[in-house]
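Have a look at the structure below before the remarks.
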Protein chains: 2
Amino acid sequence: MSTEEEAGTASPARRMRADAVRTRKALLKAAAEVFAEHGTEGSVAQIATRAGIGKGTVFRHFPTKEDLLAAIIGEVIDGLVAEGRRQAEQTDADAALLQFMSAGVDLYVSNRAFVEALRTVPDLRHPEIQAGWEQLIATAESLARRARRDGSLRADMNGQDVMLLICGVYYTAVPLLAADPSAWRRYLHLTFDGMRATGTQPLPPALFQGPLLPTVR
Amino acid sequence: MSTEEEAGTASPARRMRADAVRTRKALLKAAAEVFAEHGTEGSVAQIATRAGIGKGTVFRHFPTKEDLLAAIIGEVIDGLVAEGRRQAEQTDADAALLQFMSAGVDLYVSNRAFVEALRTVPDLRHPEIQAGWEQLIATAESLARRARRDGSLRADMNGQDVMLLICGVYYTAVPLLAADPSAWRRYLHLTFDGMRATGTQPLPPALFQGPLLPTVR
DNA sequence: ACCTGAACACCGTTCAAGT
DNA sequence: ACCTGAACACCGTTCAAGT
């Protein structure tokens, strides 16, 4: 978590004054905490107070609240991508895919802002988030490909499906999570059964193979 | 749609002055439109303007914005319950369940406020919504029971699962809906395959059989 | 009894004034 | 170069004043 390179998160311009570097670090830490706890609705004032800085300073570092959110979410995405790559080295392709999806749903449960941000991927036009999302799809696709080859995943499932389904499983369980934070497991297993189903009708086609957002349409 | 009994929506106290009845009707109409278009975030000012009344008047009829939302959502729920009962009369139990779920997802797609409200069912402590939700579960359960009996639905699926999965399917497809409003069909079919899966591991247990919110825990 | 709009405490955002 | 807090246009909500 904190073993990454420090300070340079999303590399702001070049060469900052020492005090600004400190301020920025405190800001990012506070924002990460507030967003994880309160979701996207956590207020800028709340973040500023927790970081011990003025409200105006937040907007000096990030032009909008959304930009700040994107910086935080970018890091969370990186973490999930890393998890996917770790799973890709496992021998059992089926288990690797399931464990990747479990990690994803679990992350959603523990970080409200993460799902809220990803759900609005088409709206949030942040290159960092778009790039992160495509990395996630690529990672998921590599896991899916292996599982397809050894027959544990149906032929018409791709990486984008995997990512979208992680989100769907989370939302399926949302109303139950307050009472039981692991209620999502039931629906992940159900979904996974659907993903391996054989001898059924072929699914209606997937929309996009590559990037989530086409320029046309 | 407008063939229902007029004016009495959620029966306010007793005997209103004629002008108040007119105001209330305009308010409910405006609120239904604004919420469907803009989701929960549609503003009270927007609704008041569209209804041609003052902002304060909104709060005279409904103590909070949430109460107004609940009145609107209550009606939408009734519509879906009716659809479920219609499907229950169909001979093919499997098709009835699938068509009920299709109608549900489709409703979510066309009415943003509806999903947003249902997702927060545990938070929204409105008896009307709670009651409506339980009616939905009961309706879904009657469809599920028939499908379970004739073997087209796995034995460990219940009505609550059905309702939660409708929501999940919607959210799975959310990022694609702007580009293709029927993208959810792919995931509904996948989910449905999971729901009929046989010869697989039993699912982790369901949390609650009856009402969604236990008093304990 | 019913409606209204000004007033309040919030929100994200801007910016002149300070160091 | 960097930070700050007052000021702005919003938000949901309250309430004294009008009919």
Side-chain angles (χ1 to χ4, degrees), chain A residues 7-9 11-31 34-35 37-73 113 116-117 120 123-126, chain B residues 7 9 11-31 34-35 37-72 113 116-117 120 123-126:
Chain A
T9 312
S11 56
R14 308 200 185 179
R15 197 134 323 200
M16 291 169 61
R17 236 166 58 180
D19 56 347
V21 174
R22 247 178 293 121
T23 302
R24 192 187 183 85
K25 238 171 97 174
L27 168 55
L28 285 169
K29 181 163 177 284
V34 169
F35 282 139
E37 272 174 50
H38 301 96
T40 321
E41 279 165 15
S43 81
V44 172
Q46 213 176 341
I47 292 170
T49 306
R50 170 129 29 162
I53 63 180
K55 244 173 37 160
T57 310
V58 174
F59 291 94
R60 172 154 237 283
H61 286 266
F62 298 92
T64 69
K65 184 187 178 184
E66 209 182 88
D67 291 313
L68 174 56
L69 179 66
I72 301 297
I73 296 306
E116 290 174 23
T120 59
D123 304 327
L124 278 197
R125 298 219 150 270
H126 280 270
Chain B
T9 311
S11 56
R14 309 201 186 179
R15 197 129 331 196
M16 291 168 64
R17 238 166 57 179
D19 57 345
V21 173
R22 248 178 294 123
T23 301
R24 193 188 183 83
K25 236 171 100 176
L27 167 56
L28 286 169
K29 181 163 176 285
V34 169
F35 283 140
E37 272 175 49
H38 301 96
T40 321
E41 279 165 13
S43 79
V44 172
Q46 214 175 340
I47 293 170
T49 306
R50 169 126 34 160
I53 61 180
K55 244 170 43 157
T57 311
V58 174
F59 292 95
R60 172 152 237 281
H61 286 265
F62 298 93
T64 70
K65 184 188 178 182
E66 208 181 89
D67 291 312
L68 173 56
L69 178 66
I72 301 296
E116 291 174 21
T120 58
D123 304 327
L124 279 198
R125 297 219 150 271
H126 279 269

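Note that these values count all heavy atoms, side chains included, but never hydrogens, waters or copies made by symmetry. Letters go in sequence order (proteins before strands), and every chain restarts at 1. Keep in mind that this is a model prediction, so the values were computed, not measured.
Comparing A:Ala20 and B:Arg17 by the nucleotide of DNA chain D that holds the closest heavy atom to each, the one mapping nearer the 5' end is A:Ala20. Comparing B:Gln46 and A:Arg60, the nucleotide of DNA chain D nearest to each residue sits closer to the 5' end for A:Arg60. Nucleotides of DNA chain C nearest to B:Gly52 and A:Lys65 differ in position, and the one nearer the 5' end is that of B:Gly52. Residue order along DNA chain C, read from the 5' end via each residue's closest nucleotide, puts B:Ile53 first among B:Ile53 and A:Gly56.
Note: CD (B:Glu66) to P (D:dC11) measures 18 Å, nearest angstrom. To the nearest angstrom, C1' of C:dC2 lies 15 Å from CZ of B:Phe62. Nucleotide C:dC3 holds its C1' atom 9 Å from the CG atom of B:Asp19, rounded to whole Å. Between A:Phe59 atom CZ and D:dA7 atom C1' the separation is 14 Å, expressed in whole Å.
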| said: Run the side-chain contact (heavy atoms from CB on, under 4.5 Å) test on A:Thr40 and A:Leu69 for me, step by step, so that the C-alpha distance in whole Å, both residues' side-chain angles and the decisive distance to 0.1 Å come before the verdict. | reply: CA-CA 8 Å; A:Thr40 321; A:Leu69 179 66; 3.9 Å; yes
| Stepwise, does the side-chain contact (heavy atoms from CB on, under 4.5 Å) test hold for B:Phe59 with B:Val44? | CA-CA 9 Å; B:Phe59 292 95; B:Val44 172; 3.7 Å; yes
| field | Derivation of the side-chain contact (heavy atoms from CB on, under 4.5 Å) call for B:Leu28 and B:Leu68 | value | CA-CA 8 Å; B:Leu28 286 169; B:Leu68 173 56; 4.3 Å; yes
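The closest donor-acceptor contact from the side chain of A:Glu116 to the backbone of A:Gly39 lies at 3.5 Å or more, if one exists at all. In this structure, B:Lys65 contributes its side chain and B:Gly42 its backbone to a donor-acceptor pair below 3.5 Å.
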| message | Give the dot-bracket line for DNA chain C from 5' end to 3' end: parentheses for intra-strand Watson-Crick or G-U pairs under 3.5 Å, square brackets for crossings, | for inter-strand pairing, dots for unpaired. | response | ||.|||||...|||||.||
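Heavy atoms only, all atoms of each residue included: A:Ala51 and A:Ala26 are closest at CB-O, 3.7 Å. Contact record, A:Phe62 with A:Ala71: CE2-CB, 3.8 Å, taken as the closest heavy-atom pair.
Residue B:His61 has a polar side-chain atom (N or O) positioned under 4.0 Å from OP1 or OP2 of C:dC3. Residue B:Thr23 places none of its side-chain N or O atoms closer than 4.0 Å to OP1 or OP2 of C:dC2.
Evaluation of atom-type donor-acceptor distances gives a pair under 3.5 Å for the side chain of B:Lys55 against the base of D:dT13.
Residue B:Thr57 is in base contact, counting any heavy-atom pair closer than 4.0 Å across all strands shown.
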